[in-house]
Peer 1: 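Below are the structure tokens for one structure; questions will follow.
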Amino acid sequence: MEPRFNLLDSPTAAKVAKRFYHSSSALEESTLPKALRELVGVRVGQLNACGLCIDIHTKEAALAGETTRRLNLVAGWRHSTVFTEAERAALALTEEGTELGRHGVSDETWAAVRKHFDDDQVGALVCLIALINASTRMNVIVHNPGGSYEPGMFAALD
């Protein structure tokens, strides 16, 4: 698959991409674990069928210490035993926050998230889910394919 359009060739989209990158870098300063942030990214990518996002977040997750076993089970997290209660709460919020048109975020999911994460982590998780959803939509619209991501390659946006 060839990309339809290079967003970085558009002066406006390039500015947005740079700001987007910088806003997401603030999440690196949060206490929300890097591996969990990447699992959330993988799940959003799966739900939105974004090959590039799946490529990015699986590679970054592996660098953060995630195992192949756990990465292979993200899509079926509800039917696996390898995720903690906190991770399961975050993945449920990820799904419900990504598929808002179905039912929104349930009170049960919200309560589970609040049980496992402090205020700053909840804020980071909500922002992370929103940012990755926006990224997946941009990539899917322009057909950015997965498979060629190398960790650190977006540092040029700095």
Side-chain angles (χ1 to χ4, degrees), residues 1-66 68 70-78 83 87-106 109-110 113 117 120-158:
M1 171 173 46
E2 290 295 316
R4 289 178 170 159
F5 183 79
N6 183 343
L7 290 170
L8 298 179
D9 287 343
S10 160
T12 300
K15 287 179 192 173
V16 171
K18 185 175 183 176
R19 290 178 179 141
F20 218 73
Y21 175 77
H22 286 292
S23 66
S24 66
S25 66
L27 295 168
E28 296 293 324
E29 299 168 15
S30 79
T31 59
L32 197 63
K34 170 80 169 158
L36 178 60
R37 293 194 313 265
E38 299 305 336
L39 290 175
V40 166
V42 170
R43 191 65 187 128
V44 172
Q46 291 169 338
L47 292 168
N48 291 329
C50 179
L52 178 58
C53 295
I54 296 167
D55 191 24
I56 290 169
H57 295 292
T58 55
K59 289 175 181 172
E60 293 292 340
L63 285 174
E66 275 303 333
T68 303
R70 284 169 46 91
L71 288 171
N72 288 339
L73 288 169
V74 172
W77 67 269
R78 290 182 191 274
F83 299 102
E87 290 166 336
R88 295 170 74 75
L91 290 167
L93 182 65
T94 299
E95 288 185 359
E96 292 176 21
T98 298
E99 299 175 335
L100 288 171
R102 287 190 177 187
H103 307 289
V105 175
S106 70
T109 294
W110 189 252
V113 167
F117 300 100
D120 189 57
Q121 291 171 324
V122 170
L125 193 53
V126 168
C127 290
L128 174 66
I129 293 165
L131 286 170
I132 296 172
N133 267 285
S135 293
T136 62
R137 283 158 170 77
M138 286 186 275
N139 288 313
V140 169
I141 289 168
V142 300
H143 284 182
N144 276 334
S148 61
Y149 175 76
E150 295 295 330
M153 69 186 279
F154 294 132
L157 293 174
D158 250 349

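Here, residue 1 is the first one in the sequence, and each next residue gets the next number. Atom set for the values below is all heavy atoms of this structure, side chains included, hydrogens, waters and symmetry mates excluded. All figures in this text were calculated on a predicted structure; none of them were measured in a lab.
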Peer 1: Hey, does Cys50 have a side-chain heavy atom less than 4.5 Å from the side chain of Val140?
Peer 2: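 With C-beta onward as the side chain, the pair touches.
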
Peer 1: Is the side chain of Asn139 donor-acceptor paired with the backbone N or O of Asn144 at a distance under 3.5 Å, no angle test?
Peer 2: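 No, Asn139 side chain to Asn144 backbone: no donor-acceptor pair under 3.5 Å.
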
Peer 1: Rounded to the nearest 0.5 Å, what separates atom CD in Glu96 from atom OG1 in Thr109?
Peer 2: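 Output value for this atom pair is 3.0 Å.
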
Peer 1: If you count heavy atoms of other groups shown closer than 6.0 angstrom to CZ of Arg19, is the number above 12?
Peer 2: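 12 or below, so no.
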
Peer 1: Of Arg102, Arg78, Gln46, which is the lone residue that meets side-chain contact (heavy atoms from CB on, under 4.5 Å) with Glu95?
Peer 2: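 For Glu95, the side-chain contact (heavy atoms from CB on, under 4.5 Å) check succeeds only for Arg78.
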
Peer 1: Please find the pair of heavy atoms, one from Gly97 and one from Leu100, that lie closest to each other, and give the distance.
Peer 2: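 Between these two residues, the closest heavy atoms are O-CG, 3.3 Å.
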
Peer 1: Quick one: closest heavy-atom pair of Lys59 and Pro151, and the distance?
Peer 2: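 Closest approach of Lys59 to Pro151: CB-CG, 4.5 Å.
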
Peer 1: Could you tell me which non-hydrogen atom of Ala62 sits nearest to which non-hydrogen atom of Leu71, and how far apart they are?
Peer 2: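 Reported closest heavy-atom pair: N-CD1, 4.3 Å.
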
Peer 1: Answer yes or no: is there a side-chain heavy-atom contact under 4.5 Å between Ile141 and Phe5?
Peer 2: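 No. Closest side-chain heavy atoms not under 4.5 Å.
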
Peer 1: Under 3.5 Å, is there a donor-acceptor pair between the side chain of Gln121 and the main chain of Thr31?
Peer 2: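 Yes.
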
Peer 1: Identify the heavy atoms of Cys53 and Thr136 that sit nearest to each other, and give their distance.
Peer 2: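 Heavy atoms only, the tightest pair is SG-CG2, 3.4 Å.
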
Peer 1: If you round to the nearest 0.5 Å, how far is CD of Glu38 from CG of Leu128?
Peer 2: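 Separation between the atoms: 8.0 Å.
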
Peer 1: Treating Asn72 as the side-chain partner and Thr68 as the backbone partner, does any N or O pair qualify as donor plus acceptor under 3.5 Å?
Peer 2: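 Yes.
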
Peer 1: Would you say Glu60 and Glu66 make side-chain contact, with heavy atoms under 4.5 Å?
Peer 2: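 No, side chains not in contact.
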
Peer 1: Roughly how far, to the nearest 0.5 Å, is the CE atom of Met138 from the CG atom of Asn133?
Peer 2: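 Separation between the atoms: 10.5 Å.
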
Peer 1: Show your reasoning for whether side-chain contact (heavy atoms from CB on, under 4.5 Å) applies to Phe117 and Leu36.
Peer 2: CA-CA 12 Å; Phe117 300 100; Leu36 178 60; 3.7 Å; yes

Peer 1: Compare every heavy atom of Asp55 with every heavy atom of Gly146, then report the nearest pair and how far apart it is.
Peer 2: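 That would be C-OD2, 3.8 Å.
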
Peer 1: Is there a donor-acceptor pair closer than 3.5 Å between any side-chain N or O of Arg37 and the backbone N or O of Leu32?
Peer 2: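 Yes.
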
Peer 1: Any non-hydrogen side-chain atom of Leu131 less than 4.5 Å from a side-chain atom of Leu27?
Peer 2: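 Yes - at least one pair of side-chain heavy atoms lies under 4.5 Å apart.
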
Peer 1: Keeping the roles fixed (side chain from Ser23, backbone from Phe20), state whether a donor-acceptor pair exists under 3.5 Å.
Peer 2: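 Between the backbone of Phe20 and the side chain of Ser23 there is a qualifying donor-acceptor contact (under 3.5 Å).
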
Peer 1: Measure from the side-chain N and O atoms of Asp120 to the backbone N and O of Ser30, and report whether any donor-acceptor pair falls under 3.5 Å.
Peer 2: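 Pair absent, no side-chain N/O of Asp120 close to backbone of Ser30.
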
Peer 1: To the closest 0.5 Å, what do you measure between CG (Leu39) and CH2 (Trp77)?
Peer 2: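 It comes to 12.0 Å.
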
Peer 1: How long is the straight-line distance from OG of Ser135 back to CG of Asn48, given to the nearest 0.5 Å?
Peer 2: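 If we round to the nearest 0.5 Å, Asn48:CG and Ser135:OG are 10.5 Å apart.
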
Peer 1: What is the distance from atom CG of Leu52 to atom NE2 of His57, rounded to the nearest 0.5 Å?
Peer 2: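 Answer rounded to 0.5 Å: 8.0 Å.
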
